[in-house]
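Below are the structure tokens for one structure; questions will follow.
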Amino acid sequence: MPRTLLIPALLDDWFPLLQYAFSSREWEPVLLQEEQGLADRGMRYFHNELCYPVFLVAGQVLAALESGKYDPALCGVLVGQAGDECRGSCNIRLTRKALDKAGYPEVVLLSLNVRDIDRDTGLPITLTMIRRALAAAVWGDALAIVRNQVRPYEANDGDTEALWQQWIEVLGKNLRQNTGFSRRQILERCREIAKSFRRIMVVRRKVQKVAVVGEIYTKYCHLGNWNLIKYLAKEHCEIGVGGITWYTLYYMDSHRLKGPVYQRRIYRLLARYLDGIQRELRTILAEAGFHTLPPLVEMKRQAKGFAPLNCTVADGWLITAEAAAWANLGYRKILCVQPFGCLPGHVFGKGQYAALQRKLPDARLVSVDYDASTGEGTVQSRVRMLLDEVL
């Protein structure tokens with residue numbers, strides 16, 4: 001009987017599919033849904049100088065264990081680690097410390113990383129896992145892109161979300177059954193997705209186009225950005241958020257000169273393969289009338305002069321490259337989000353905003369910090385300031 005693998009929230013639009021990549025005879029994945037009092041619960045075990053996501057991740061895991069729904073002796077927790085600066089390398093040890101103090105030393109921690117860190121806790125990465133993850137990432141990108149571009153124009157409220165949920169169930173079944181993973185099948189599914197969303201009845205109306213860039217947790221996770229995407233959707237904004245395949249290719253690009261030779265070769269091979277699929281995905285979506293960010297190689301080329309391309313700490317040059325690319329696509333209002341207390345985020349992310357604003361005079365950038373000590377009104381006022389501004 002498989003043990004329960006608890007997966008803390010991170011990628012809202014992708015984890016419903018990506019969770020199946022981690023399913024095996026040993027582990028049955030469960031996406032954590034706990035949301036109340038997470039930061040306060042996490043802060044009981046850390047000093048307040050750590051970044052906000054550390055508190056949220058630990059708090060969500062502890063809330064799940066305290067709920068009584070899971071047997072700690074039969075539980076594991078999956079902790080993603082990029083292997084770079086700050087929590088990208090130490091989050092699993094911080095979580096271990098919190099679990100031990102809270103009385104859960106028997107809970108297993110599994111590190112999901114490709115940098116050979118924390119080898120004794122590393123989750124074995126198999127070919128099946130890679131194939132499932134690739135399909136889930138590409139399908140998740142397709143679904144997120146078309147949903148964001150159809151939802152503000154739908155004639156009947158809820159049609160877009162309902163169709164998104166239908167596809168999650170259909171594709172989740174494919175992933176569970178290990179079917180439809182060839183390159184042709186992955187892309188054919190993307191074509192079907194685009195066509196199905198084009199059949200939603202829409203009303204062409206004037207809406208604001210708002211892009212969201214920034215640190216990975218606050219950009220992709222509703223816990224980290226206080227349901228920012230839902231807030232913007234209620235304001236009938238057309239939202240631009242970079243897909244996870246763009247982030248993955250950025251990670252491969254920024255780490256291609258790091259690590260042992262064999263690892264760098266794997267990065268190059270996987271990046272070439274994923275880039276090819278992503279280009280075909282872009283063509284499929286364009287033919288259906290949707291728009292996307294440029295391929296990462298082109299986006300990086302376009303970012304020259306906007307961002308220091310040797311800045312690969314945390315989200316590095318990707319933040320500026322995405323902001324410039326979204327501005328070129330007509331998303332003139334850009335929210336730059338990051339967690340307070342993330343030193344790499346403040347230096348290498350927030351540190352670029354002022355210079356970028358000067359280089360994009362037709363766009364407006366607003367920086368938003370999320371932290372347990374920040375009031376909801378403070379954050380909403382900054383977002384509202386951007387939405388209400390006339391450009």
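What's counted below: heavy atoms across the whole structure, side chains too, no hydrogens, waters or symmetry copies. What you are looking at is a predicted structure, and each value in this text was computed from that prediction instead of being measured.
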(message) Please check: side-chain N/O of Gln177 versus main-chain N/O of Asn174, any donor-acceptor pairing under 3.5 Å?
(response)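 No: the side chain of Gln177 does not pair with the backbone of Asn174.
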(message) Looking at every heavy atom in both Cys75 and Tyr70, which two are closest together, and how far apart are they?
(response)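 Distance-wise, the nearest heavy atoms are SG-CB, 3.4 Å.
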(request) Indicate the ring-plane relationship of Trp226 and Tyr370, choosing parallel, tilted or perpendicular according to the 30° and 60° boundaries. (result)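 Trp226 and Tyr370: perpendicular rings.
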(request) Write down the atom of Val107, the atom of Pro72, and the distance for their closest heavy-atom approach. (result)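 Looks like CG2-O, 3.7 Å.
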(request) State, to 0.1 Å, how close Trp27 and Gly76 come at their nearest heavy-atom pair, and which atoms those are. (result)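 Answer, listing the atom of Trp27 first, then Gly76: CZ3-N, 3.5 Å.
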(message) Can a side-chain donor-acceptor contact be found between Thr160 and Arg147 if the only test is distance below 3.5 angstrom?
(response)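 The answer is no; no qualifying pair exists.
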(message) If we ignore hydrogens and angles and just use 3.5 Å, is the side chain of Gln60 paired with the main-chain N or O of Ala9 as donor and acceptor?
(response)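 Yes, the answer is positive, given that a donor and an acceptor are paired below the 3.5 Å cut-off.
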(request) Please check if Leu274 and Leu269 belong to a single hydrophobic cluster, counting links between Ile, Leu, Val, Met, Phe, Trp and Tyr side chain heavy atoms closer than 4.5 Å. (result)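 The answer is no; the residues belong to distinct hydrophobic clusters.
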(request) Measure the spacing between CD1 of Ile193 and CG of Leu143 and express it to the nearest 0.5 Å. (result)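 Reported to 0.5 Å precision, the distance equals 4.0 Å.
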(request) Just jot down the salt bridge (charged side-chain N to carboxylate O under 4.0 Å, His left out) partners of Arg151, sequence neighbours excluded, or say none. (result)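 Listed in chain order: Glu161.
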(message) Looking at Asp369 and Lys350, is any side-chain nitrogen of the basic one under 4.0 Å from a carboxylate oxygen of the acidic one?
(response)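 Looking at Lys350 and Asp369, the cut-off is met.
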(message) With a 3.5 Å distance limit and no angle check, can you tell me whether Gln357 reaches the backbone of Leu365 through a side-chain donor-acceptor pair?
(response)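 Answer holds: yes.
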(request) Could you tell me whether Glu322 and Lys219 make a salt bridge, using a distance below 4.0 angstrom between a side-chain N and a carboxylate O? (result)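 Salt bridge: yes.
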(message) Please enumerate all residues that pass side chain to side chain contact (heavy atoms under 4.5 Å, CB included) together with Pro29, with sequence neighbours excluded.
(response)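 Once residues adjacent in sequence are excluded, the partners of Pro29 under the side chain to side chain contact (heavy atoms under 4.5 Å, CB included) criterion are Ile7, Gln19, Ser23.
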(request) Enter the distance from Gln166:CD to Leu171:CG here, rounded to the nearest 0.5 Å. (result)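 Going from the CD atom of Gln166 to the CG atom of Leu171 covers 11.5 Å.
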(request) Report yes if the side chains of Leu5 and Val77 come closer than 4.5 Å at any heavy-atom pair, otherwise no. (result)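 With C-beta onward as the side chain, the pair stays apart.
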(message) Could you check whether any side-chain heavy atom of Tyr353 comes within less than 4.5 Å of a side-chain heavy atom of Ile319, counting everything from C-beta outward?
(response)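 When only atoms from C-beta onward are counted, Ile319 and Tyr353 do touch, with a gap below 4.5 Å.
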(message) Can you tell me which residue among Arg279, Arg272, Gln278 is in a side-chain hydrogen bond (donor to acceptor under 3.5 Å, both in side chains) with Asp275?
(response)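 Output: one option passes, namely Arg279.
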(message) With clusters defined by side-chain heavy atoms of hydrophobic residues (ILVMFWY) lying less than 4.5 Å apart, directly or transitively, does Met385 cluster with Val379?
(response)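 Linked within one cluster.
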(message) Using side-chain heavy atoms (C-beta onward) and a distance below 4.5 Å, is Met129 in contact with Thr126?
(response)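 Heavy-atom side-chain distance check passes, below 4.5 Å.
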(request) Report the residue from Leu56, Thr95, Val79, Val61 that forms a side-chain contact (heavy atoms from CB on, under 4.5 Å) with Pro8. (result)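 Output: one option passes, namely Val61.
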(request) Consider only side-chain heavy atoms of I, L, V, M, F, W and Y, link residues closer than 4.5 Å, and tell whether Phe340 and Phe46 are in one cluster. (result)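 No, because Phe340 and Phe46 fall into different hydrophobic clusters, even though each may have its own neighbours under 4.5 Å.
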(request) Examine the side chains of Gln338 and Thr218 and answer whether a donor and an acceptor come within less than 3.5 Å of each other. (result)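 There is no such pair (donor and acceptor under 3.5 Å, judged by atom type) between the side chains of Gln338 and Thr218.
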(request) Count the heavy atoms of every other residue, nucleotide or ligand shown that sit under 6.0 Å from NZ of Lys359, and state whether that count exceeds 12. (result)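 For Lys359, atom NZ is crowded (more than 12 foreign heavy atoms under 6.0 Å).
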(message) Under a plain distance cut-off of 3.5 Å, with no hydrogens placed, do Thr320 and Gln352 share a side-chain donor-acceptor pair?
(response)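 Result is yes, a qualifying pair exists.
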(request) I would like to know whether Leu18 and Leu11 meet side-chain contact (heavy atoms from CB on, under 4.5 Å); could you show each step before the answer? (result) CA-CA 9 Å; Leu18 272 173; Leu11 307 173; 3.8 Å; yes
(request) For residues Val212 and Leu232, determine if any side-chain heavy atom of one lies less than 4.5 Å from a side-chain heavy atom of the other. (result)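 They are in side-chain contact.
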(message) Please check this pair: side chain of Gln208 against backbone of Leu387, looking for a donor-acceptor N/O pair closer than 3.5 Å.
(response)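 Yes; at least one donor-acceptor contact below 3.5 Å.
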(message) Could you check whether Arg384 pairs with Glu235 (Lys NZ or Arg NE/NH1/NH2 to Asp/Glu carboxylate O, under 4.0 Å)?
(response)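 Salt bridge flag = yes for Glu235 with Arg384.
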(request) State, yes or no, whether a side-chain contact exists between Val150 and Arg198 at a heavy-atom distance under 4.5 Å. (result)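 Side-chain contact under 4.5 Å: yes.
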(request) Scan for ring-ring contact (aromatic ring centres under 6.0 Å, His included) pairs involving residues 269-324, sequence neighbours excluded, and state none if there are none. (result)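 Sorted result for residues 269-324: Tyr250-Trp317, His291-Tyr331.
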(message) Under 4.5 Å between side-chain heavy atoms, counting indirect links through other Ile/Leu/Val/Met/Phe/Trp/Tyr residues: same cluster for Leu335 and Val207 or not?
(response)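 Leu335 clusters together with Val207.
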(message) If the threshold is 4.0 Å, N to carboxylate O, is there a salt bridge linking Asp253 and Lys300?
(response)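 Yes.
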(message) Given 3.5 Å as the limit, does a donor-acceptor pair link the side chain of Asp141 with the main chain of Ile244, or not?
(response)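 Checking the backbone N and O of Ile244 against the side chain of Asp141, a donor-acceptor pair under 3.5 Å is found.
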(message) Quick check for you: to the nearest 0.5 Å, what is the distance between Ile229 atom CD1 and Asn148 atom CG?
(response)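 Those atoms lie 7.0 Å apart.
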(message) Is it the case that the side chain of Thr378 and the backbone of Thr374 share a donor-acceptor pair, with hydrogens and angles ignored and the cut-off at 3.5 Å?
(response)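 Pair absent, no side-chain N/O of Thr378 close to backbone of Thr374.
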(message) Less than 3.5 Å apart, any donor N or O on the side chain of Asp12 or His222 sitting next to an acceptor on the other?
(response)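 His222 and Asp12 do have a side-chain donor-acceptor pair below 3.5 Å.
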(message) What I want to check is whether the side chains of Arg176 and Tyr20 have a donor and an acceptor closer together than 3.5 Å.
(response)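 Yes - a donor-acceptor pair under 3.5 Å links their side chains.
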(message) Please check this pair: side chain of Arg189 against backbone of Gly180, looking for a donor-acceptor N/O pair closer than 3.5 Å.
(response)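 Checked: no pair found.
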(message) Would you say that more than 12 heavy atoms from the other residues, nucleotides or ligands in this model lie under 6.0 Å from the CD of Gln36, or not?
(response)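 No, not enclosed.
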(request) Decide, yes or no, whether a salt bridge links Glu34 with Lys69 under the criterion of side-chain N to carboxylate O below 4.0 Å. (result)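 Result for this pair is yes, salt bridge flagged.
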(message) Measuring from atom SG of Cys51 to atom CG of Leu94, what distance do you get when rounded to the nearest 0.5 angstrom?
(response)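 Answer for the SG-CG pair, Cys51 versus Leu94, is 8.5 Å.
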(request) Over all heavy atoms of both residues, which pair between Trp14 and Ala144 is shortest? Give the atoms and the distance, please. (result)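 Scanning both residues, the minimum pair turns out to be CZ2-CB, 4.1 Å.
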(message) I'd like to know if the side chain of Glu154 and the backbone of Gly158 have a donor-acceptor N/O pair within less than 3.5 Å.
(response)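 Present.
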(message) What I want to find out is whether Arg3 reaches Glu26 closely enough, with some N-O distance under 4.0 Å, to be called a salt bridge.
(response)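 Salt bridge present between Arg3 and Glu26.
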(message) Ignoring hydrogens and geometry beyond distance, is a side-chain donor-acceptor pair present between Asn178 and Arg131 at under 3.5 Å?
(response)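 There is no such pair between these side chains.
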(message) Within this structure, what is the SG-CZ distance for the pair Cys190 and Arg282, rounded to the nearest 0.5 Å?
(response)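 It is 13.5 Å, given to the nearest 0.5 Å.
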(request) Verify, without hydrogens or angle tests, whether Asn225 (side chain) and Cys221 (backbone) share a donor-acceptor contact under 3.5 angstrom. (result)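 The answer is yes, because a donor-acceptor pair under 3.5 Å joins these two groups.
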(request) Consider only side-chain heavy atoms of I, L, V, M, F, W and Y, link residues closer than 4.5 Å, and tell whether Val170 and Val138 are in one cluster. (result)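 Val170 clusters together with Val138.
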(request) Test Glu298 against Arg301 for salt bridge (charged side-chain N to carboxylate O under 4.0 Å, His left out), laying out the working first. (result) CA-CA 5 Å; Glu298 295 178 20; Arg301 188 181 304 118; 5.2 Å; no
(message) Nearest 0.5 Å, please: how far is CD1 in Ile92 from CG in Leu110?
(response)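 Leu110 CG to Ile92 CD1: 7.0 Å, rounded to 0.5 Å.
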(request) State whether Lys195 and Glu192 are salt-bridged, where the test is any N-O pair (Lys NZ or Arg NE/NH1/NH2 against Asp/Glu carboxylate O) under 4.0 Å. (result)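 Answer for the salt bridge query: no.
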(request) For Glu215 and Tyr217, indicate whether the former's side chain and the latter's backbone hold a donor-acceptor pair under 3.5 Å. (result)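 Indeed, once roles are kept as given, a pair shorter than 3.5 Å links the two residues.
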(message) Between Arg364 and Glu389, does the salt bridge (charged side-chain N to carboxylate O under 4.0 Å, His left out) criterion hold? Intermediate values first, please.
(response) CA-CA 9 Å; Arg364 183 68 68 241; Glu389 186 170 0; 2.9 Å; yes
(message) Quick test of your reading of the model: are Asp100 and Arg96 salt-bridged, counting only N-O distances below 4.0 Å?
(response)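 Yes.
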(message) Taking the cut-offs as 6.0 angstrom to the six-membered ring centre and 45 degrees off its axis, would you call Arg204 and Tyr153 a cation-pi pair?
(response)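 Flagged: Arg204 positioned over aromatic ring of Tyr153.
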(request) Assess whether atom CZ of Arg25 is packed by more than 12 heavy atoms of other residues, nucleotides or ligands within 6.0 Å. (result)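 No, because the 6.0 Å sphere around CZ of Arg25 holds 12 heavy atoms or fewer from other groups.
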